[in-house]
Amino acid sequence: MAYKIPGHCLACDTCRPVCPTGAVKIEDNHYWIDPDLCNNCEGYYSEPQCLMLCPISCPLPSESKKGRYKAELRPVTSPSLFANGKNHPFASSMVMWELCNLLTQRQSLDWKFDEVGEPYYERRVNGGRGMITLRMSDHSIGELALTGIQSFDIRAACMHLIYAAHATALEKPWEEEFIISDRQIEEYLELDKRKDLSKATKLSLIRKIAEQPCFITASINWPKQGKVNKFLIVNSPLWHLTEVQHHFQEDEMGCKYLVGLTFKIKAGIWAKYFLNQQGCKEQTAFYQYGILPQSLLSIVMSIWQQHEGAVRMMLWLLFKTKMGKEQRITVPKLMRVAYGEEKLTFASQRREERKRLLRTFEKDLECLNHYGLKPVFDSVTYPPEIQPLWAKLAELPDDADAALDFWIQDGSNETRITDASPRGKWNLLMNARILWFEIPVDWEQRMKAPKQQQRGTQTRKIKLKPELNLLPEQIVTARKKQGMSQRELARITGKSQSWIRDLEKGRLSAKFSDQTLLRKVLGLNKNH
């Protein structure tokens, strides 16, 4: 794409002598760039010299005006994801999880070097009987390799998840290609709402993050598991970028401008073993998938700069929660995911670093809670004394009078919510656990049942509803009658305080098993 010089040029003559193609010209004391000669300094320099040396960064990429000139025809793309407006299945096998971890945690992982100096990351699976080894495909070594690892963009993990979602729509993704355009990617990542970015900047970003998941190869040594025989894959790309098509728009002077990109992607051979529907039926392979919420992609794109640790935990939990809701997670494990082993070790040795890392961790947890991933703290190892202040304030009523009573009662206690954390909080947190994370509705895996089965299920729910449905007023009255606080009720039922509060406010409706538990704890029978 050629550059142009707008009217606020200072005419300092810095750009003209350094232009390798002689594209910068002077006409009537005005500087301009000949689009037929300008080639962005390709083959001469890594960056356009007129832009790099201009004191006011005056040269701008020339962009064609939409709808004014005819553009090239684009190929038909694969169907867009998120047809239901909420989520879409995606390949969620262990190898996909590890690639997501690599793109998000980058240099924080435990990289090792082979005999020639090439870095690799390995993860033992199936109780140490198997191994997944990831490498960079450019075979860089030493310091150059470390620089390449650091250059990975955390937003490339979103592209990896988008590829994993497209792969589930194919019968044999290791043989078939899917086609995705820059327009679809803009929609998935909500880049179309970024009015502060030019078209050229968006295309440059899209190409960068679209290519990065394809730079990783995997060696998989998988042991026999059930009826699936063992298999071995050696240095196979996880995603094949088979073609990148550039789409141009031509103006009346014959100058062409880049206006779009199309990517052809094919899954690696891993999909034959982990995303094989027919093989799963024949018990010769696996078909492992989860649910990718559309909201996750937009959240990552909006908070990755301010809360990178929260993004890492969020993407890690996307795979973790697929294994079951009630997964106990230790605080040190979450910190390693969010900040890496090196930072955790460094903080454990220095008091100021500990305080800084604790503040960051609690802010990142609050960020997760804000976006629907609500942590449920273990009351034994993670008591309220060491919980973040925002978690302690979860019981604060919305009503002004009730809130005043809340603070009066808190002030009469020996310990108050706003009291400073106890000494040795870091050591206590290193032994603390989070019972599980409550996940948003669009994260949940819900398979479509046949229509007849859906009607039958709905009929059964209608019969049970008048008999078992608990009203918010009933829960509040029964709890107060038992002399219990929301916190105590949450502890007894194994739920979070925010869940109890949302029930009493009518924001949530408890499912059958939870209503049965509440009736038992609150002393209610089915006639109440």
Side-chain angles (χ1 to χ4, degrees), residues 74-93 95-104 152-170 173-174 176-194 197 202-216 218 237-245 260-268 270-271 274-275 288-304 311-312 314-319 322 371 440 442-443 445:
R74 300 192 183 193
V76 178
T77 61
S78 300
S80 294
L81 306 175
F82 312 116
N84 62 358
K86 295 181 179 179
N87 48 38
H88 193 279
F90 80 107
S92 60
S93 61
V95 66
M96 293 289 96
W97 192 357
E98 290 307 322
L99 178 54
C100 187
N101 288 336
L102 187 150
L103 293 171
T104 54
F152 280 121
D153 194 316
I154 196 170
R155 292 169 290 183
C158 292
M159 289 301 305
H160 163 56
L161 296 176
I162 290 171
Y163 295 163
H166 273 288
T168 58
L170 304 177
W174 61 93
E176 305 173 58
E177 295 177 338
F178 57 87
I179 303 175
I180 182 171
S181 69
D182 64 289
R183 295 172 180 173
Q184 290 175 308
I185 295 173
E186 279 191 26
E187 181 183 353
Y188 299 151
L189 304 182
E190 294 192 353
L191 288 173
D192 51 346
K193 299 179 181 179
R194 292 288 304 274
L197 300 179
K202 289 181 183 179
L203 291 176
S204 177
L205 172 62
I206 288 173
R207 174 154 187 168
K208 174 186 174 183
I209 63 178
E211 290 177 341
Q212 287 188 356
C214 308
F215 291 159
I216 306 300
L238 293 174
W239 299 108
H240 295 273
L241 181 57
T242 59
E243 185 181 357
V244 180
Q245 294 186 10
L261 296 168
T262 300
F263 305 92
K264 290 186 179 180
I265 310 291
K266 185 174 70 173
W270 64 267
F274 295 104
L275 198 65
Q288 299 174 343
Y289 70 95
I291 295 298
L292 174 63
Q294 184 178 16
S295 60
L296 173 66
L297 302 177
S298 59
I299 291 171
V300 171
M301 294 297 292
S302 61
I303 70 172
W304 69 276
V311 169
R312 291 176 176 177
M314 190 177 294
L315 294 175
W316 186 81
L317 288 169
L318 175 67
F319 293 86
K322 187 183 76 72
Y371 287 107
D442 57 347
W443 282 49
Q445 185 170 330

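- Expressed to the nearest 0.5 Å, how far CD of E98 lies from OG of S93 amounts to 10.0 Å.
- In this view, F90 and F319 satisfy the ring-ring contact (aromatic ring centres under 6.0 Å, His included) rule, not counting sequence neighbours.
- For K264, the salt bridge (Lys or Arg N to Asp or Glu O under 4.0 Å) test picks out E243, with sequence neighbours left out.
- Side-chain N or O atoms of W304 include none that pairs as donor or acceptor with a backbone N or O of V311 at under 3.5 Å.
- Q184 pairs by the side chain to side chain contact (heavy atoms under 4.5 Å, CB included) definition with T77, S80, I180, S181, Y188, not counting sequence neighbours.
- With N87 contributing its side chain and D442 its backbone, the two residues share a donor-acceptor pair below 3.5 Å.
- By the side-chain hydrogen bond (donor to acceptor under 3.5 Å, both in side chains) test, S302 is found to be paired with no residue, residues two or more places apart in sequence or in another chain being considered.
- Rounding to the nearest 0.5 Å gives a distance of 13.5 Å between CZ of R155 and CG of L297.
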Residues L189, M159; criterion side chain to side chain contact (heavy atoms under 4.5 Å, CB included); working and verdict: CA-CA 9 Å; L189 304 182; M159 289 301 305; 4.3 Å; yes
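- By the side chain to side chain contact (heavy atoms under 4.5 Å, CB included) test, K208 pairs with D153, Q212, sequence neighbours left out.
- Under the 4.5 Å side-chain criterion, counting only non-hydrogen atoms from C-beta, L238 is not in contact with Y163.
- Heavy atoms only, all atoms of each residue included: A164 and M96 are closest at CB-SD, 4.4 Å.
- Applying the salt bridge (Lys or Arg N to Asp or Glu O under 4.0 Å) criterion to E177, with sequence neighbours excluded, gives no partner residue.
- E176 pairs by the salt bridge (Lys or Arg N to Asp or Glu O under 4.0 Å) definition with nothing, not counting sequence neighbours.
- The two residues A218 and V95 make their nearest non-hydrogen contact at CB-CG2, 4.4 Å.
- With values rounded to the nearest 0.5 angstrom, C158 atom SG is found 6.5 Å from L315 atom CG.
- Contacts of E186 classified as salt bridge (Lys or Arg N to Asp or Glu O under 4.0 Å), with partners at least two apart in sequence or in another chain: K199.
- A heavy-atom distance below 4.5 Å is not found between the side chains of L296 and Y371.
- Of the inter-residue distances, the one linking Y289 atom OH with T168 atom OG1 reads 9.5 Å to the nearest 0.5 angstrom.
- The backbone N or O of L261 lies less than 3.5 Å from a partner atom in the side chain of D182, making a donor-acceptor pair.
- Contact detail for A271 and P173: the closest heavy-atom pair is CB-CG, 3.9 Å.
- Closest heavy-atom contact between K202 and D192: NZ-CA, 4.0 Å.
- Scored by the side-chain hydrogen bond (donor to acceptor under 3.5 Å, both in side chains) test, T262 finds H247 as partners (sequence neighbours excluded).
- Note that CZ of R74 and CD1 of I179 are 13.0 Å apart. Values are rounded to the nearest 0.5 Å.
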Worked verdict on W443 versus L318 for side chain to side chain contact (heavy atoms under 4.5 Å, CB included): CA-CA 8 Å; W443 282 49; L318 175 67; 4.1 Å; yes
Side chain to side chain contact (heavy atoms under 4.5 Å, CB included) assessment of W270 paired with L275: CA-CA 8 Å; W270 64 267; L275 198 65; 4.3 Å; yes
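- Side-chain atoms of S298 and M301, non-hydrogen and from C-beta on, never get closer than 4.5 Å to each other.
- Remark: W316 engages W97, N101, K320, I329, K333, L334, V337 in a side chain to side chain contact (heavy atoms under 4.5 Å, CB included) (not counting sequence neighbours).
- Heavy-atom minimum distance, P213 versus W239: O-CD1, 3.9 Å.
- Separating the NE2 atom in H160 from the CG atom in L99 is a distance of 4.0 Å, to the nearest 0.5 Å.
- Under the side-chain hydrogen bond (donor to acceptor under 3.5 Å, both in side chains) criterion, R194 pairs with D196, sequence neighbours left out.
- H166 meets the side-chain hydrogen bond (donor to acceptor under 3.5 Å, both in side chains) test with no other residue; sequence neighbours excluded.
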Test log, rule side chain to side chain contact (heavy atoms under 4.5 Å, CB included), inputs L81 and Q294: CA-CA 9 Å; L81 306 175; Q294 184 178 16; over 6 Å; no
